[in-house]
Chemist: 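Here you go, one structure.
Worth knowing before you read on, the calculation uses all heavy atoms, side chains too, and leaves out hydrogens, waters and symmetry mates.
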Amino acid sequence: MLVYNTQTHKKEEFKPIDEGKIRMYVCGPTVYDQIHIGNARTFLSFDVIRRYLMYKGFEVTFAQNLTDVDDKIIQRANEQGRTAQEVSEEFSQAFIKQMHRFNILDPDIRPRATHEIEAMLQMIQSLIEQGYAYAVPSGDVYFSVRSDHDYGVLSGRDLDQLRAGERVEVNDEKRDPFDFALWKAAKPGEPSWSSPWGEGRPGWHSECCAMIHRYLGTPIDIHGGGSDLVFPHHENETAQASCAWHAPLANYWMHTGMLRVDGEKMSKSLGNFYTLKEVLDKYPADAVRLLMLQTHYRAPLDFSFERLEGTVGTLERMKTCVANLRWAYKQSSAQHELSDADRTLAEAINIAQSEFDAQMDDDFNTAGALAAIFALVTAANTYLAEVGQNVGASPVLRASDMLCELTGALGIDLTQAASTSDLPEELVALAAQVAAYEGSSADEAAEVLLAARQEARSQKNWAVADQIRDGIAELGLLIEDTAAGARLKRKAD
């Protein structure tokens with residue numbers, strides 16, 4: 001498996017620190033408003049990377065923070081006459097809700113900056129003691145970039161060149177204009193915490209670094225975020241880590257390309273700024289995912305509603321193909337003799353799986369992986385049109401399962417499961433009613449129950465989830481939980 005490493009500017013063979021296990025961290029949002037679709041593109045990209053690593057059999061520990069103290073949060077709170085905590089809590093919950101709507105897996109660890117002050121203070125104190133940071137009379141603490149001889153290793157930037165071409169904050173207390181704040185002295189009315197240097201709050205660059213070290217240890221395997229974070233945020237993070245703990249923060253740095261709308265930079269002033277909520281209120285989440293995944297995660301993504309409308313149609317054709325394959329399977333005969341068309345479809349299935357893996361193993365090339373899926377959809381539709389009612393049970397079932405497995409590894413659901421708006425308990429009762437059914441009725445009821453079980457699990461209602469599992473078992477089916485999601489399998493006779 002090859003992964004592009006921002007630090008080395010090349011693809012490298014991916015070698016986990018611990019065999020079979022991966023520790024992964026992606027910078028989360030600053031929670032002062034709804035996230036926009038550019039943010040969503042980054043979170044989707046790393047959700048798919050995580051899902052694929054799980055699909056490959058890795059045990060992935062995934063952490064993502066919430067930055068719930070920041071200048072933007074404080075400014076929004078002052079504008080609205082609320083506390084910073086009220087603003088951050090509202091938009092923390094809004095972010096989590098939109099991630100669920102977008103089918104983004106919850107992180108295993110979701111630390112909040114305001115809950116991790118002690119870890120940050122310990123890191124800052126260590127940097128001061130080792131001569132990499134200094135406190136000033138105002139109560140601020142700064143990292144001395146000149147004390148880190150490797151500063152610039154991630155972004156490839158040279159401080160002397162930056163001095164000539166970049167604007168930097170003017171501050172008479174800094175020893176160097178490029179020194180950055182590790183701790184900010186409190187201003188009147190701002191949230192603050194006690195520290196050896198007085199009341200204050202952490203600098204943005206300190207948060208992720210301290211949380212990674214606390215929850216995952218350093219180095220980790222993968223650190224990710226948008227390409228706008230490479231400098232200065234991630235550069236400052238890795239500088240702190242290497243100086244505080246004398247180890248790199250991450251072995252692989254991965255960054256997503258920027259999102260543009262109709263070929264232009266997304267901007268409120270241009271009227272082309274869209275939040276994820278606005279888009280998901282109008283379009284299916286799977287269609288938005290499908291659109292974004294048709295561009296490699298490192299490349300700029302050109303988003304347009306015209307393209308999204310076309311993707312909605314593409315998604316429906318994929319779902320229709322799966323539905324037709326499943327219907328054909330139910331109509332197939334056990335006495336069917338293998339035909340040339342059956343063998344052709346079987347070969348197309350094998351090619352799709354092999355090509356999907358090859359593309360994803362090449363730096364998670366979702367565009368190439370989707371091309372392999374689309375080719376299988378075409379082959380399956382050609383097969384169904386060619387054979388008519390003379391359908392082979394094995395190839396159509398394999399084609400249906402393969403399409404669902406591969407798209408499931410990308411977080412896209414082609415099963416068209418029935419609505420789960422009813423209470424899970426009512427669906428459990430349905431299991432008893434359909435247990436004696438045969439053929440399609442039992443299968444359809446089981447699909448409803450499977451969707452209800454997933455809903456119960458997401459709500460951590462384990463008792464109901466277990467009841468649903470038992471109800472599905474009464475239908476002669478088993479639930480197989482995979483990295484790509486749950487699926488149904490018939491019990492072996």
Side-chain angles (χ1 to χ4, degrees), residues 1-7 11-12 14 22-29 35-56 58 60-65 95-96 98-108 110 208 220-230 233-234 250 252-261 266 274-276 279-280 285-303 307-308 311 356-357 359-371 373 406-413 483-484:
M1 181 184 297
L2 298 177
V3 173
Y4 185 87
N5 191 344
T6 302
Q7 183 166 318
K11 292 181 185 178
E12 300 176 357
F14 182 68
I22 295 172
R23 288 172 292 146
M24 184 174 176
Y25 185 94
V26 174
C27 289
I35 66 164
H36 57 69
I37 54 176
N39 303 139
R41 193 266 175 112
T42 292
F43 300 139
L44 166 62
S45 297
F46 287 103
D47 178 68
V48 169
I49 290 169
R50 177 190 182 187
R51 286 174 183 269
Y52 184 69
L53 292 170
M54 293 167 63
Y55 170 86
K56 295 284 285 188
F58 288 102
V60 181
T61 302
F62 184 92
Q64 183 181 58
N65 71 302
F95 168 72
I96 293 170
Q98 299 312 316
M99 290 295 94
H100 289 167
R101 292 181 69 191
F102 204 28
N103 197 24
I104 303 289
L105 297 174
D106 281 331
D108 300 301
R110 183 181 271 141
C208 292
I220 60 174
D221 295 288
I222 296 172
H223 192 326
S227 59
D228 58 320
L229 298 183
V230 175
H233 185 49
H234 285 170
Y252 300 88
W253 289 85
M254 302 178 66
H255 295 91
T256 57
M258 293 293 97
L259 181 145
R260 300 171 67 85
V261 177
M266 188 168 62
Y274 304 103
T275 67
L276 178 61
V279 175
L280 294 184
D286 279 344
V288 182
R289 289 180 75 101
L290 185 60
L291 170 63
M292 291 186 174
L293 294 177
Q294 289 179 64
T295 300
H296 190 277
Y297 77 90
R298 284 192 289 112
L301 169 64
D302 189 18
F303 178 94
R307 288 187 64 202
L308 183 53
T311 305
F356 178 90
D357 287 356
Q359 293 294 331
M360 291 297 287
D361 282 346
D362 184 9
D363 194 31
F364 309 101
N365 183 6
T366 54
L370 283 171
I373 293 171
L406 299 183
T407 55
L410 303 178
I412 295 172
D413 181 13

Chemist: Drop me the distance from Leu301's CG to Thr295's OG1, to the nearest 0.5 angstrom.
Modeler: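 Result: 4.5 Å between the selected atoms.
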
Chemist: Can you tell me how far CG of Leu259 sits from CD1 of Ile37, rounded to the nearest 0.5 angstrom?
Modeler: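 Spacing of CD1 (Ile37) from CG (Leu259) equals 5.0 Å.
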
Chemist: When rounded to the nearest 0.5 angstrom, what distance separates CD1 in Ile49 from OG1 in Thr366?
Modeler: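 That separation rounds to 9.0 Å.
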
Chemist: Tell me, do Asn39 and Pro29 make a side-chain contact under 4.5 Å, heavy atoms counted?
Modeler: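 Sidechains of Pro29 and Asn39: no contact.
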
Chemist: Is any side-chain heavy atom of Leu308 less than 4.5 Å from a side-chain heavy atom of Val279?
Modeler: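 Of all side-chain heavy-atom pairs linking Val279 with Leu308, at least one is under 4.5 Å.
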
Chemist: How far does CZ of Phe95 sit from CD1 of Ile104, to the nearest 0.5 angstrom?
Modeler: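 If we round to the nearest 0.5 Å, Phe95:CZ and Ile104:CD1 are 8.0 Å apart.
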
Chemist: Which residues pass the side chain to side chain donor-acceptor pair (under 3.5 Å) test with Thr256, not counting sequence neighbours?
Modeler: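 Scan of Thr256 (side chain to side chain donor-acceptor pair (under 3.5 Å), adjacent residues dropped) gives Thr42.
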
Chemist: Quick check: closest heavy atoms across Leu276 and Met99, and the distance to 0.1 Å?
Modeler: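 Smallest interatomic distance, heavy atoms only, reads CD2-CE, 3.8 Å.
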
Chemist: To check you understand the geometry: which heavy-atom pair defines the closest contact between Phe102 and Ala285, and what is its length?
Modeler: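 The pair with the smallest heavy-atom distance is CE1-O, 3.8 Å.
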
Chemist: Do Phe364 and Leu53 have side chains that approach each other closer than 4.5 Å (heavy atoms only, starting at C-beta)?
Modeler: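 They are in side-chain contact.
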
Chemist: Could you label the plane-to-plane angle of the Phe14 and Tyr252 rings as parallel, tilted or perpendicular, counting under 30° as parallel and over 60° as perpendicular?
Modeler: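 The arrangement is tilted - the two ring planes meet at 30° to 60°.
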
Chemist: Sub-3.5 Å donor-acceptor pair from the side chain of Arg41 to the main-chain atoms of Gly257, do we have one?
Modeler: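 Checked: pair present.
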
Chemist: With a 4.5 Å cut-off on side-chain heavy atoms, are Tyr52 and Met1 touching?
Modeler: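 With C-beta onward as the side chain, the pair touches.
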
Chemist: Mind checking what makes side chain to side chain donor-acceptor pair (under 3.5 Å) contact with His255, not counting sequence neighbours?
Modeler: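 Partners of His255 by the side chain to side chain donor-acceptor pair (under 3.5 Å) criterion, ordered by chain and then number, come out as Thr6, His234.
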
Chemist: Could you check Phe46, Phe62, Tyr25 and say which one makes a ring-ring contact (aromatic ring centres under 6.0 Å, His included) with His223?
Modeler: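 The option that passes is Tyr25.
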
Chemist: Is the closest side-chain heavy-atom distance between Leu410 and Ile373 below 4.5 Å?
Modeler: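 They are in side-chain contact.
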
Chemist: Minimum heavy-atom separation for Asn5 to Trp253, with atom names?
Modeler: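 Shortest heavy-atom contact: OD1-N, 3.2 Å.
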
Chemist: Below 4.5 Å, heavy atoms only, C-beta onward: do Ser45 and Met254 meet side chain to side chain?
Modeler: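 Not in contact.
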
Chemist: State, with a plain yes or no, whether a side-chain heavy atom of Gln98 is found less than 4.5 Å away from one of Thr275.
Modeler: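 Sidechains of Thr275 and Gln98: no contact.
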
Chemist: Could you tell me which residues satisfy salt bridge (Lys or Arg N to Asp or Glu O under 4.0 Å) with Asp108, sequence neighbours excluded, listed by chain and number?
Modeler: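 By the salt bridge (Lys or Arg N to Asp or Glu O under 4.0 Å) rule, Asp108 matches Arg50.
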
Chemist: Give a yes-or-no answer on whether the side chains of Asp106 and His100 include a donor-acceptor pair shorter than 3.5 Å.
Modeler: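 Asp106 vs His100: donor-acceptor pair found between side chains.
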
Chemist: Using a 3.5 Å distance criterion without hydrogens, assess whether the side chain of Asn65 forms a donor-acceptor pair with backbone atoms of Gly28.
Modeler: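 Judged by distance alone, yes, a pair lies under 3.5 Å.
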
Chemist: Suppose we screen for side chain to side chain donor-acceptor pair (under 3.5 Å). Which residues come up paired with Asp47, at least two apart in sequence or across chains?
Modeler: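 If we apply the side chain to side chain donor-acceptor pair (under 3.5 Å) test to Asp47, skipping adjacent residues, the hits are Arg51, Arg289.
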
Chemist: Is there side-chain contact between Phe303 and Leu291, with at least one heavy-atom pair below 4.5 Å?
Modeler: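 Contact flag for Phe303/Leu291 side chains = yes.
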
Chemist: Sequence neighbours left out, what passes side chain to side chain donor-acceptor pair (under 3.5 Å) with Gln359? Give chain and number order.
Modeler: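 Listed in chain order: Glu355, Asn365.
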
Chemist: Verify, without hydrogens or angle tests, whether Asp286 (side chain) and Ile412 (backbone) share a donor-acceptor contact under 3.5 angstrom.
Modeler: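 Checking the backbone N and O of Ile412 against the side chain of Asp286, no donor-acceptor pair under 3.5 Å is found.
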
Chemist: Measuring from atom OG1 of Thr407 to atom CG of Asp413, what distance do you get when rounded to the nearest 0.5 angstrom?
Modeler: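 It comes to 7.5 Å.
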
Chemist: Who pairs with Arg298 by side chain to side chain contact (heavy atoms under 4.5 Å, CB included), at least two apart in sequence or on another chain?
Modeler: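 Side chain to side chain contact (heavy atoms under 4.5 Å, CB included) check on Arg298 returns Tyr4, Lys11, His296, Asp363.
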
Chemist: Would you give the length of the straight line joining atom CE of Met258 to atom CG of Asp228, rounded to the nearest 0.5 angstrom?
Modeler: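 It is 4.0 Å, given to the nearest 0.5 Å.
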
Chemist: Assess the residue pair Asp361 and Lys56 against the criterion (salt bridge (Lys or Arg N to Asp or Glu O under 4.0 Å)); give the C-alpha distance rounded to whole Å, side-chain angles, the decisive distance to 0.1 Å, and a yes or no.
Modeler: CA-CA 10 Å; Asp361 282 346; Lys56 295 284 285 188; 3.3 Å; yes

